[in-house]
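Hydrogens, waters and symmetry mates play no part in the numbers below; they use all other heavy atoms, side chains included.
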Amino acid sequence: MTSGSTLALAGVVGGAGTTRTTVEFGATLARAGRDVALLDAAFATQGLAAHVPGRIDPDLTALCTGAGELTDGLVDLALDVPGRLAACPARAPFERLARAKTPEAARRFEGMLESASTRFDHVLVDTPPVAANQAVAAVTSADRVALVAPDTERGLDRLPTMRDRLHDLGAPVDTVIATRAEGAVDPADATVPESDVRTVADLPVSADPDTEFAPAVAAAVETVLDTELGLDFPEEGLL
């Protein structure tokens, strides 16, 4: 089996909307018939866990600090789409979170990222602002790195700092995604607008083609991954 593409979506600040963007990108790719895995490197916030129903056991931190394979922690998200969307979130007590940030655990994370790439067409990593070993592992191991910045003064001002940090790690930035954007944003390569949906239960929005949000996310995915999805949208939903 050929390896799939891996993408680390790294927030430049907390609250950039990285988890939401990761989930929406995954749903869009799955709607295009791709099999997608979502991995959670945001151990502190554990936002991806909110999108996974039922009990999470083992979570990704348990796999990074003990025995088990990635397949043990993957949970399929129930979406009415042609492809598969599976997630391995982090949901753990503080003690295990600390152990999951060690260099040894980061090397196991790298191994799981590689393993996922042999089973899925795309692997997307929800990555926090890079300041811990698992985030370093994500941006240095992925095929592509996209910085996620909210369309705010604070978010855009942090872009140069995060670019420099990734440069120091030998992880060049491939694209920049501006979230909550109302139009083109300089220097972003792709934009994701705000949507009216506020509750996790109603996400991901992009799985529904009958929204204006869905084609905007699809355009962002095509730009960031340099791919053609071939998705159709109702004429009134096109941007």
Side-chain angles (χ1 to χ4, degrees), residues 3-13 16-39 41 79 81-83 85 113 117 120-130 138-152 155-156 158-160 162-163 166-167 171-195 197 203-235 237-239:
S3 294
S5 67
T6 55
L7 168 68
L9 294 114
V12 301
V13 294
T18 310
T19 300
R20 169 79 187 276
T21 302
T22 302
V23 173
E24 297 290 357
F25 270 38
T28 298
L29 288 164
R31 184 173 170 256
R34 317 278 180 94
D35 291 342
V36 187
L38 309 179
L39 303 188
L79 299 178
V81 293
L85 183 61
L113 180 59
S117 73
F120 291 85
D121 299 313
H122 301 276
V123 184
L124 310 182
V125 185
D126 178 13
T127 310
V130 179
V139 298
T140 56
S141 301
D143 299 325
R144 293 171 179 261
V145 176
L147 291 182
V148 182
D151 184 15
T152 63
L156 298 178
R158 288 292 296 174
L159 275 172
M162 195 57 63
R163 280 186 183 275
L166 267 63
H167 175 78
V173 176
D174 297 287
T175 51
V176 173
I177 306 167
T179 57
R180 305 167 196 143
E182 297 182 359
V185 178
D186 184 35
D189 304 288
T191 59
V192 175
E194 186 64 272
S195 71
V197 177
L203 299 177
V205 176
S206 56
D208 181 0
D210 295 323
T211 65
E212 291 186 356
F213 186 74
V217 174
V221 170
E222 291 183 333
T223 297
V224 172
L225 290 177
D226 190 21
T227 188
E228 293 289 336
L229 297 178
L231 291 174
D232 294 323
F233 297 97
E235 184 174 349
L238 295 177
L239 297 180

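With values rounded to the nearest 0.5 angstrom, Leu124 atom CG is found 8.5 Å from Leu39 atom CG. Atom CG of residue Leu85 and atom CG of residue Leu29 lie 9.0 Å apart, to the nearest 0.5 angstrom.
Minimum heavy-atom separation, Ala41 to Pro128: O-CD, 3.4 Å. Closest approach of Ala181 and Ala178 over heavy atoms only: CB-O, 4.0 Å. Of all heavy-atom pairs between Pro204 and Leu79, the closest is CD-CD2, 3.9 Å. Heavy-atom minimum distance, Thr191 versus Ala184: CG2-CA, 4.5 Å. Across Val36 and Phe120, no two heavy atoms sit closer than the pair C-CD2, 3.4 Å. Closest of all the heavy-atom pairs between Gly26 and Leu38 is CA-CD2, 4.2 Å.
Thr28 and Ser206 are linked by a side-chain donor-acceptor pair at a separation below 3.5 angstrom, with hydrogens and angles left out of the test. Side-chain atoms of Asp126 and Thr18 form no donor-acceptor pair, as typed in the model, at a separation below 3.5 Å.
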Next item on the list: Dump the intermediate steps for side chain to side chain contact (heavy atoms under 4.5 Å, CB included) on Leu156 and Val185, then the final yes or no.
Entry: CA-CA 9 Å; Leu156 298 178; Val185 178; 4.0 Å; yes
Margin query: For a side chain to side chain contact (heavy atoms under 4.5 Å, CB included) check, start with the C-alpha distance between Thr211 and Phe233, then their side-chain angles and the critical distance, and finish with the verdict.
Written below: CA-CA 9 Å; Thr211 65; Phe233 297 97; over 6 Å; no
What donor-acceptor contacts under 3.5 angstrom involve side-chain atoms of residues 214-231, with partners at least two apart or in another chain?
unit_1 : atom_1 : unit_2 : atom_2 : d
Glu222 : OE2    : Leu229 : N      : 3.0
Thr223 : OG1    : Ala219 : O      : 3.1
Thr227 : OG1    : Arg34  : NH2    : 3.2

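Counting only distance, with no hydrogens or angles, the side chain of Asp121 and the backbone of Asp35 share a donor-acceptor pair below 3.5 Å. With hydrogens and angles ignored, the 3.5 Å screen pairs a side-chain donor or acceptor of Thr6 with a backbone N or O of Asp143.
The shortest side-chain heavy-atom distance between Arg144 and Ser5 does not fall under the 4.5 Å cut-off.
Residue pairs meeting the salt bridge (charged side-chain N to carboxylate O under 4.0 Å, His left out) criterion with at least one partner in residues 174-192, sequence neighbours excluded, do not occur; the list is empty. Screening residues 20-33 for salt bridge (charged side-chain N to carboxylate O under 4.0 Å, His left out), with sequence neighbours left out, gives Arg20-Glu24.
A side-chain contact (heavy atoms from CB on, under 4.5 Å) with Leu147 is found for exactly one of Val139, Leu9, Val12, namely Val12.
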